[in-house]
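In what follows, a single structure is set out as structure tokens and then discussed.
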Amino acid sequence: MTTTVNRSGPGGPARLLRAEWTKFRTVRAWVVAMTAGSLVIVLLGLSSASGSHASCDGGPTEAVCPAVPVGPGGEAVEDKFYFVHRTLAGDGSITVRATSMTGQIRKPDVTPGVRNVVSGLVPWAKAGVMVKQSTRQGSAYAALMVTGAHGVRMQHDFTHDVAGRPGGVSEDSPRWLRLTRSGDTLTGYESTDGTDWAEVGTARLSGLPARVEIGLFAASPGDLTVTRGDLGGSVSAVRFTEATAVFDRVDLEGETSGGAWRNDDIGVTEAPDGSPHHPGRASESGGTFSVTGVGDIAPSIEGQTVERTLTGVLTGLIVVIVVAVTSVTAEYRRGLIRTTLIAVPRRGRMLVAKALTIGTVTFAAGLVATAITLTFGTRILRANGNYILPVSWLTEVRVVVGTAALLAVAAVLALALGALFRRSVGGVITAIVLTVVPHVLATTSVLPDTAARWLLRLTPAAGFAIQQSIPEYAHVLGHYAPIAGFYPLAPWAGFAVLAGYAALALGLAVVRLRRRDA
Amino acid sequence: MQATIEVSGLRKRFGRTPALDGMSFTVQPGQVTGFVGPNGAGKSTTMRVILGLDAAEEGYALVGGRPYASLRTPLRHIGALLDAAALQPSRSARNHLLWLAHSQGLGVRRVDEVLEQVGLTSAARRKAGGFSLGMRQRLGIAAALLGDPPVLMLDEPVNGLDPEGIVWIRGFLRSLAAEGRAVLVSSHLMSELQDAADHLVVVGRGRVITDTSVADLIAATSNGRVTLRTTAGEPAMSALAHAGAIVTVTGRDTLLVSGLPGERVVALLNANAVPFSEVSAHRATLEEAYLELTRDAVEFRGETR
Ligand SMILES: Nc1ncnc2c1ncn2[C@@H]1O[C@H](COP(=O)(O)OP(=O)(O)OP(=O)(O)O)[C@@H](O)[C@H]1O
Ligand SMILES: [Mg+2]
């Protein structure tokens, strides 16, 4: 043997990965297609952002939309309620007895043009006692309240909610509520008789100033109705409601500012002529207060989301699927799989190396695409007057990296299907039917919400949950349906479903590759 | 590392057709071993079993004393050419060899060496899809040589080559064997192996019929046969047959006589006054020897059954 062979070189797994990477990068069509897939994501995302304009109707001219308040946690909030309050310096407490809670709900008009208002409370109508940093919308607060249908609750800083005892309020069964401030700590207590008190919960409002606003409040979120649309999807509408609570035995302890109670309709909407639209009100006689409020104190879920810029991902995914399936079926088509298996007799490792390679390539291409699209897409949307619900940078990173990972894992699933079918057509169709089709069905007006949710729980399309930036809040009634961008599974849980499918398919492909003659 | 292939008692069926039926042989280093047999004899199947592509139901195959599946960088132990058409058409020849090299921990230098060795340097960067059959065979051989293996195994490498290519490949195989490598070359045409093979493993219906050196085989087939050239075919045949010889007509005025030594043939012809122009000891061709051997083993005989 005359030639000498350099026997040094990387170890086993690294050798396989290097070989598979060389295989991938030396077929120009695959490299071009993968690049095109990235471009599709960027271009579709940016062009749909460019086409999306929003403005707030300010009469004859378009006006800049009012700023949406942001809570202490950085999330967009609705902070709209009627507040009867005084200033408390240092520690103290407020104790009240709630004796009634009633309200009005506007229902869909029966006779066109005639307001159809019925009396009643929406489930999350709320009234009670509150300590708030200031009357500025979005400032920190803690509140103890009775609600329309969820009993006593202790809530703070918009996103936190703890349940107390269930049940409503009436003359016969009043509720005592007490909220005490001690430094940064606020504690809520409830009682049915004013003697036996039970703690509902505590809130820590770090950095709460010495002087805070303390008092009574009422709020009532709009009534949400979801009806089935003509095409089979659903249409949601929100209508005006208000809630009125009556409190007696109001007792304020601590160093409060002298003078009368002050009334503030926090965050009241202004009509075009400057007058308040659906204002709240309050009255007092003989120590008994009646407070009527409209609105909600809760995180806002109305607005564009950062992930809305990633609309091109679905199309990009189709491209990725075709490349991933082809990268393995091309070997079967030409009999090249035998050459591969002669070079790498450990079949399982070979297929895993292939999967890792396609996964890594897709992840890299996807990451570049999603990072560019989200960064510039949100800028374009904002420049066009759209309001984007703010999220933390960690959430944004999760959406960007998670979407790239979603593409990568879907590519692995597609590759495994290609290896199982050994035919491009079967592999591509199955991969699309498993990932793209359920998502399209679930997020367009085709299926009822329940069916859509099941699709996004059970199929690999569950992985799209990784894109959801705004969480679902148990204490905010919303149309939490896939069509509105809400997935039934938590982001990483949905991703795990997809990953499970990919692992299963890859496992089956390995078993089949091992068992059968090549 | 032993430069050998060892195959022992391989059995394998595809459905109900037995493809291998106790296939056993050993390939020795330093020589070209021809692996011959009619279509469907099981040559390709045996090679696939050796390479771990197909599983045998019984028996085993070893390369350099080890099962193929246990080899971590198999191309450094055995180089194989099964199907020269197994290429990604859009990948260049050089890149095809490059991923193979990377899978064995080899670098680009080795790729360029083997391209040079098979004479493909100038076409190295062209897409393999545009290659002629001959070029593909060369590329397949380059792939087999990549790991500088002590054992080479080529399935019908001559198939589809032009005469020039056939001459090249014969010489190439001989030089590889001269370097001490074990070379196994399959063919269903014995003539393709003439002048190339030192040793023959003749197979039929999934098992070995003969495992012999080429020299011995030719001698054995030629043994005791006499070629007779005469214009008087009829009288010659009856005279010789009368004396117990088996006579076959092999040409317009040539007969092949077996069962009688040359001197007896001459004596008998003279005694019966049969004219003849030549009597000579017969020297069999490899083809002839092969046909003789596989007469019973041919699976697909065509119309004249
Ligand atoms: N993948 C397969 N599926 C079914 N039968 C097969 C398969 N491969 C081979 N066979 C059968 O096994 C037997 C041996 O085939 P094999 O290809 O090994 O013969 P061969 O000696 O290489 O023939 P040839 O000279 O035609 O290449 C044949 O009967 C063939 O039909
Ligand atoms: Mg064959």
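Lettering follows sequence order; numbering is per chain, from 1. Note that the coordinates shown come from a computational prediction; the quantities given were computed from them, not determined experimentally.
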Sort B:A85 into side chain, backbone, both or neither according to what part of it lies under 4.5 angstrom from a heavy atom of chain A.
backbone
Measure B:L53 against the heavy atoms of chain A and call it side chain, backbone, both or neither at under 4.5 Å.
both
If we only count heavy atoms from C-beta on, is the B:H96 to A:L336 side-chain gap below 4.5 Å?
yes
If one checks every heavy atom of B:L100 against chain A at 4.5 Å, the contacting part turns out to be side chain
Contact summary for B:A69 and A:P345, nearest pair of heavy atoms:
CA-CB, 4.2 Å
Heavy-atom closest pair (B:H102 atom, A:T22 atom, distance to 0.1 Å) is ND1-OG1, 2.7 Å
State whether the number of non-hydrogen atoms from other residues, nucleotides or ligands found under 6.0 Å of B:R174 atom CZ is greater than 12.
yes
Toward chain B, the part of A:R28 with a non-hydrogen atom under 4.5 Å
neither
Answer yes or no: does atom CZ of A:R347 have more than 12 heavy-atom neighbours from other residues, nucleotides or ligands under 6.0 Å?
yes
Please check if atom CZ in B:R72 has more than 12 non-hydrogen atoms from other residues, nucleotides or ligands closer than 6.0 Å.
yes
Let me know if A:R25 has heavy atoms under 4.5 Å from chain B in its side chain, its backbone, both or neither.
side chain
With a 4.5 angstrom heavy-atom cut-off, which part of B:L81 approaches chain A: side chain, backbone, both or neither?
neither
How about A:T26 and B:Q88: do any of their side-chain heavy atoms sit closer than 4.5 Å?
no
Rounded distance (nearest 0.5 Å) linking atom CG of B:D54 with atom CZ of A:R516:
11.0 Å
Greatest number of non-hydrogen atom pairs under 4.5 angstrom with chain A, of B:S92, B:P89, B:S90, falls to B:P89
Would you find more than 12 non-hydrogen atoms of other residues, nucleotides or ligands less than 6.0 Å from A:R423 atom CZ?
no
Heavy-atom pair with the smallest gap, counting every atom of A:V344 and B:S103
CG2-CB, 4.3 Å
When A:I337, A:I342, A:L341 are compared by non-hydrogen pairs under 4.5 Å with chain B, the top option:
A:I342
